[in-house]
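Let me begin by presenting the structure, written as structure tokens, before commenting on it.
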Amino acid sequence: MPDAIPDPPPAGPLLGWYDRHRRTLPWRVYAPPGEARGERDPYRIWLSEVMLQQTTVATVGPRYARFLARFPDVRALAGAPWEEVAAEWAGLGYYARARNLHAAARAVVARGGFPDTEAGLRELPGIGAYTAAAVAAIAFDRPTVPVDGNVERVVSRLLAIREPLPGARRLIAPAAARFMEQKEARARPGDFVQALFDLGATICTPRRPACALCPWRGDCAAQRLGIQETLPVKAPKAARGERHGLHFLARDPAGRLLLRHRPPEGLLGGMLEIPGTPWREGAPWSLEEALPHAPLPGAPLLGAGWRLRPGTARHGFTHMDLDMRLAEAAVPESPAPPGMAWMEPEAARAALPTAMRRLLPLAEPPLAEGAGGVASGGTGARGARRKGIQA
DNA sequence: AAGTCGGGGTC
DNA sequence: GACCCAGACTT
């Protein structure tokens, strides 16, 4: 038997605090003690959990409503073509989530409904240990504790765990699971886990936690030691490298843009892009050097052919910083090559991931904002200093 | 266990 | 700038 897992604090005070101070959120379901358990739609809870993976509540809010309006139930999502799902997810990042969401919706429809156990949910693509536990607890009141960033922080402070993450999960996970040994937690599993999330989001925050307001202020080892702001300890991250790309914006006489589908896996997998060079380390691409990567190699180019635009667009990914230049050309009306499509500027901007949207203000006339129209007032020095653009 | 995979808000 | 966010998946 390894070291005993410490007793977690009592669930009752946290649930009482939650009953008074819980956040009102679009996907939230709530079962106050003594009242009938309300209708809980596992589709909505599942969708919220996937959208919230590494994504803030503020970002998800409007996108969640928009997604539900377009795909109101799992059958609607399963029946939609991938292109519509991708366009709806554009800008949210981590596009594997959208691919897995779509595949999981089809699996759910094929099997006749959502699995209602943690193990069953875990089998669906895009549902890992956390999301399986979260949906099982919130949608089905299964007595399990999902461990997300909030729970890691709360538990590491309660128990004053000084071991750095992610290794510390070895200690945090079994300690969190012990909450469900308590009768008060088992009576309201969905509320209890959402109470843990709310505590982490509003009281036990990463910086300057509001310990004076915490329902567990007398039960927290880190607070007794005065080290709550130093926990959890995290392992240092690797430095980000820089890469360079040059992209080619072709416009036909009707003003449409030529876009390319990226491969289904990997970075921005399954999403649209402005065709261009690979993204390499080292030096930026010159136009001549990049020309072999231009689309429509055999097409006549109107005017002076590909023209390199001034300025660059920058975009930070998790593991690298991308520095992009833009060349553009007017081309005659022509069929799109395989794997590419002509799109109206408005639809193109909506469907492109953010990294690609950052190139649009470099175009002339710029395709920066809103309905694919021309940005007002030109993009002179002022416009060029917008976020993500350098002269 | 370490890398890959987005993007935005915050201090 | 660095950090964080209701993480999953691959190797």
Side-chain angles (χ1 to χ4, degrees), chain A residues 23 25-29 45-64 86 89-101 103-104 121-139 144-154 164-170 173 176 190 192-202 204-209 229 232-241 243 262-271 273 314-322 352-358 387-388:
Chain A
R23 293 175 292 176
L25 300 172
W27 48 86
R28 178 146 280 175
V29 291
I45 293 166
W46 166 58
L47 175 64
S48 75
E49 290 300 338
V50 173
M51 276 197 176
L52 287 162
Q53 287 167 8
Q54 296 296 289
T55 308
T56 57
V57 165
T59 297
V60 168
R63 300 300 300 265
Y64 176 77
W89 202 272
L92 270 176
Y94 284 144
Y95 298 99
R97 294 186 297 174
R99 297 197 303 272
N100 287 328
L101 193 79
L121 289 160
R122 184 68 180 78
E123 298 298 313
L124 294 171
I127 296 191
Y130 163 77
T131 304
V135 174
I138 298 169
T144 181
V145 181
V147 180
D148 73 330
N150 289 307
V151 178
E152 286 179 347
R153 186 168 57 253
V154 169
L165 287 168
R169 293 187 63 116
R170 171 179 64 83
F192 181 78
V193 304
Q194 293 180 94
L196 279 178
F197 299 159
D198 280 16
L199 189 72
T202 66
C204 197
T205 49
R207 288 178 295 251
R208 299 182 57 94
E229 294 199 35
V233 179
K234 301 206 170 184
K237 298 170 189 171
R240 300 200 301 196
R243 298 194 189 188
R262 290 180 61 85
E265 309 283 327
L267 187 63
L268 306 181
M271 303 300 291
E273 68 175 351
R314 294 186 63 84
H315 185 72
F317 291 100
T318 304
H319 57 290
M320 66 156 168
D321 288 313
L322 181 58
L352 285 171
T354 300
M356 288 291 122
R357 289 180 193 172
R358 296 210 194 282
K387 172 176 159 188

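Lettering follows sequence order; numbering is per chain, from 1.
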Separation of Arg99(A) atom CZ from dT4(B) atom P, in whole Å? 16 Å

Determine, for Arg28(A) against Asp198(A), whether the closest basic-nitrogen to carboxylate-oxygen distance falls under 4.0 angstrom. yes

Determine the contact category for Ala238(A): base if any of its heavy atoms lies under 4.0 Å from a base atom, sugar-phosphate if only primed atoms, P, OP1 or OP2 are that close, otherwise nothing. nothing

So what does Pro353(A) touch, heavy atoms closer than 4.0 Å: a base, only the sugar-phosphate, or nothing? sugar-phosphate

Rounded off to whole Å, could you give me the NZ-to-P distance for the Lys234(A) and dA1(B) pair? 17 Å

5′-ward residue of the pair Leu268(A)/Gly167(A) relative to DNA chain B: Gly167(A)

When the P atoms of dC11(B) and dA6(C) are considered, how many whole Å apart are they? 14 Å

Regarding dG6(B), can its base be found pairing with the side chain of Thr318(A) as donor and acceptor, where the two atoms are less than 3.5 Å apart? yes

Rounding to a whole Å, what distance do you find between Arg262(A):CZ and dC5(B):C1'? 11 Å

Donor-acceptor pair between His315(A) and Arg358(A) side chains, under 3.5 angstrom: yes

dC5(B), OP1 or OP2 - any side-chain N/O from His319(A) closer than 4.0 Å? yes

Heavy-atom closest pair, residues Pro166(A) and Ala235(A): CD-CB, 4.5 Å

Using the C1' atom as the point on both nucleotides, what is the distance between dC3(C) and dG6(B), in whole Å? 16 Å

Does a side chain donor of either Arg97(A) or Asn100(A) reach within less than 3.5 Å of an acceptor in the other side chain? no

When all nucleic acid strands are considered with a 4.0 Å heavy-atom cut-off, which category describes Gly269(A): base, sugar-phosphate, or nothing? nothing

Just the rounded figure in Å: distance from P of dG8(B) to CE of Met51(A). 14 Å

Quick one: is Arg358(A) getting a side-chain N or O under 4.0 Å of the dG8(B) phosphate, OP1 or OP2? yes

Nearest-Å distance for atom pair CZ/P, residues Arg240(A) and dG6(B): 13 Å

Rounded distance in Å - CG (Leu322(A)) to P (dG7(B)): 10 Å

salt_bridge(Arg208(A), Glu229(A)) N-O dist < 4.0 Å: no

Between C1' of dG3(B) and CE of Met320(A), the distance in whole Å: 13 Å

Atom-to-atom span, NE2 of His315(A) to P of dG6(B) - whole angstrom: 9 Å

Per-nucleotide protein contact along nucleotides 6-11 of chain C, 5' to 3', at a 4.0 Å heavy-atom cut-off (B base, S sugar-phosphate only, - neither), is BBSS--

Of all heavy-atom pairs linking Pro146(A) and Thr144(A), the shortest is CD-O, 3.5 Å

Nearest-nucleotide check on DNA chain B, Arg207(A) vs Gly316(A); residue mapping nearer the 5' end is Gly316(A)

By the definition side chain to side chain contact (heavy atoms under 4.5 Å, CB included), identify the one residue from Thr55(A), Leu25(A), Leu47(A) that meets it with Val60(A). Thr55(A)

Are side-chain N/O atoms of Glu49(A) and Tyr130(A) paired as donor and acceptor at under 3.5 Å? yes

